[in-house]
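Given the structure is predicted, the values throughout are model-derived calculations rather than measurements. Below, read A as the first sequence line, B as the second, and so on, with proteins coming before strands; counting in each chain starts at 1.
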Protein chains: 2
Amino acid sequence: MDETAAAEAFAALAQETRLRVFRLLLRHGPAGLPAGDIARRAGTPANTMSTHLAVLSRAGLVQARRESRQVFYAVELTGIRALVAFLVEDCCGGRPGACAPLLDAALPLACCGPVTGDRA
Amino acid sequence: MDETAAAEAFAALAQETRLRVFRLLLRHGPAGLPAGDIARRAGTPANTMSTHLAVLSRAGLVQARRESRQVFYAVELTGIRALVAFLVEDCCGGRPGACAPLLDAALPLACCGPVTGDRA
DNA sequence: TCCATACTTCCAGAATGCCAGAATGATGGA
DNA sequence: TCCATCATTCTGGCATTCTGGAAGTATGGA
């Protein structure tokens with residue numbers, strides 16, 4: 001992940017509809033939701049939503065898979081992880097402790113309970 | 001942190017110069033850097049950089065403090081933490097394990113070494 | 001008081017993004 | 001083959017953002 005890719009991902013999340021959709025998909029996990037459902041839930045025309053979903057997809061934040069006539073969108077976990085990792089890498093010049101309160105408790109717990117400790 | 005505030009923060013990071021500046025400040029920790037230094041390092045006119053810094057500041061990602069004639073900018077740790085926490089809250093509908101590989105190892109280690117476990 | 005330094009605000013042109021109507025694919029049933 | 005459904009692409013109007021020159025606002029030294 002380089003600066004351009006990260007900026008693109010942040011831009012994708014910088015729009016309220018897209019941010020809401022991303023979080024909606026996050027709640028639905030790997031199964032995802034069909035594009036039509038997403039549009040309906042967001043109260044957005046299908047074509048507009050299609051554009052938003054394309055932006056999220058190009059940014060590597062969601063993934064599309066066709067299933068018969070519907071197209072399901074689901075979060076791309078590696079994408080969001082890479083984005084956050086990129087954002088905070090080299091934090092405080094690598095000096096542990098200088099920014100310890102940054103993200104420690106808030107992040108893993110909010111998502112998936114205590115972390116296991118091994119790499120992803 | 002609500003959706004509007006989060007979108008504003010992402011928008012602040014969605015611009016390459018600002019993203020580069022934010023990461024630069026992250027490396028400099030709480031001490032921060034004077035606005036002039038930041039502009040010089042980025043190769044950006046002072047007025048343009050001032051606008052960018054104002055955007056980051058309004059988004060709650062950096063904090064300004066005056067010191068004699070200079071204005072130092074430093075990362076706002078609570079801001080970035082709140083942003084990431086908001087982004088992944090309710091991940092997978094609260095079902096631990098469904099998205100376990102999401103961020104566990106990558107994030108805290110990249111920043112500050114093993115987490116302590118207590119709240120910030 | 002006068003000047004130099006450091007930074008911010010004002011402004012306008014160029015570029016980019018958002019949005020939804022209309023038209024165009026893709027898929028499956030009759 | 002024809003039609004209905006689901007989704008994407010095309011298009012143009014509108015709004016926002018980016019950028020830097022010029023002017024304005026603090027701060028401190030002489």
Looking across every strand, which nucleic acid part, if any, lies under 4.0 Å from B:Phe72 by heavy atom: base, sugar-phosphate, or nothing?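 No contact.
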A:Ala14 or B:Ala35: which one's nearest nucleotide on DNA chain C is closer to the 5' end?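 Result: B:Ala35.
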Pick the nucleotide of DNA chain C nearest each of A:His52 and B:Arg66; which residue has the one closer to the 5' end?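 Per heavy-atom nearest nucleotide, the more 5' residue is B:Arg66.
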Backbone N or O of A:Ala12 within a donor-acceptor pair of the A:Arg58 side chain at under 3.5 Å?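 Answer holds: no.
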So, does the side chain of A:Ser50 form a donor-acceptor pair with the base of D:dA7 at under 3.5 Å?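 Looking at the base of D:dA7, it does not pair with any donor or acceptor on the side chain of A:Ser50 (distance under 3.5 Å).
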Side chain of A:Ser68, base of C:dG28: donor and acceptor closer than 3.5 Å?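 Such a pair does not exist between side chain and base.
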Considering all heavy atoms of both residues, which atom of B:Ala31 and which atom of B:Arg65 are nearest to each other, and what is their separation?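 Smallest interatomic distance, heavy atoms only, reads O-NH2, 3.0 Å.
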Closest non-hydrogen atom pair between A:Leu53 and A:Val21, with its separation: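 Closest approach of A:Leu53 to A:Val21: CD2-CG1, 4.0 Å.
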Could you state the [atom1]-[atom2] distance from [X] to [N], rounded to the nearest angstrom?
{"X": "B:Glu67", "N": "C:dT5", "atom1": "CD", "atom2": "P", "result": "20 Å"}
{"X": "A:Arg40", "N": "D:dA7", "atom1": "CZ", "atom2": "P", "result": "8 Å"}
{"X": "A:Glu16", "N": "C:dC19", "atom1": "CD", "atom2": "P", "result": "10 Å"}
{"X": "B:Gln70", "N": "C:dA4", "atom1": "CD", "atom2": "P", "result": "19 Å"}
{"X": "B:Phe10", "N": "C:dG17", "atom1": "CZ", "atom2": "C1'", "result": "18 Å"}

Is the phosphate of D:dT16, meaning OP1 or OP2, less than 4.0 Å from a side-chain N or O of A:Gln15?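 Checking D:dT16 against A:Gln15, no side-chain N or O comes under 4.0 Å of OP1 or OP2.
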Do the side-chain N or O atoms of B:Arg69 get closer than 4.0 angstrom to the phosphate oxygens (OP1, OP2) of D:dG29?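 Answer no for this pair, as no side-chain N or O of B:Arg69 is under 4.0 Å from OP1 or OP2.
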Heavy-atom side-chain contact between B:Thr17 and B:Met49 under 4.5 Å: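 Yes - at least one pair of side-chain heavy atoms lies under 4.5 Å apart.
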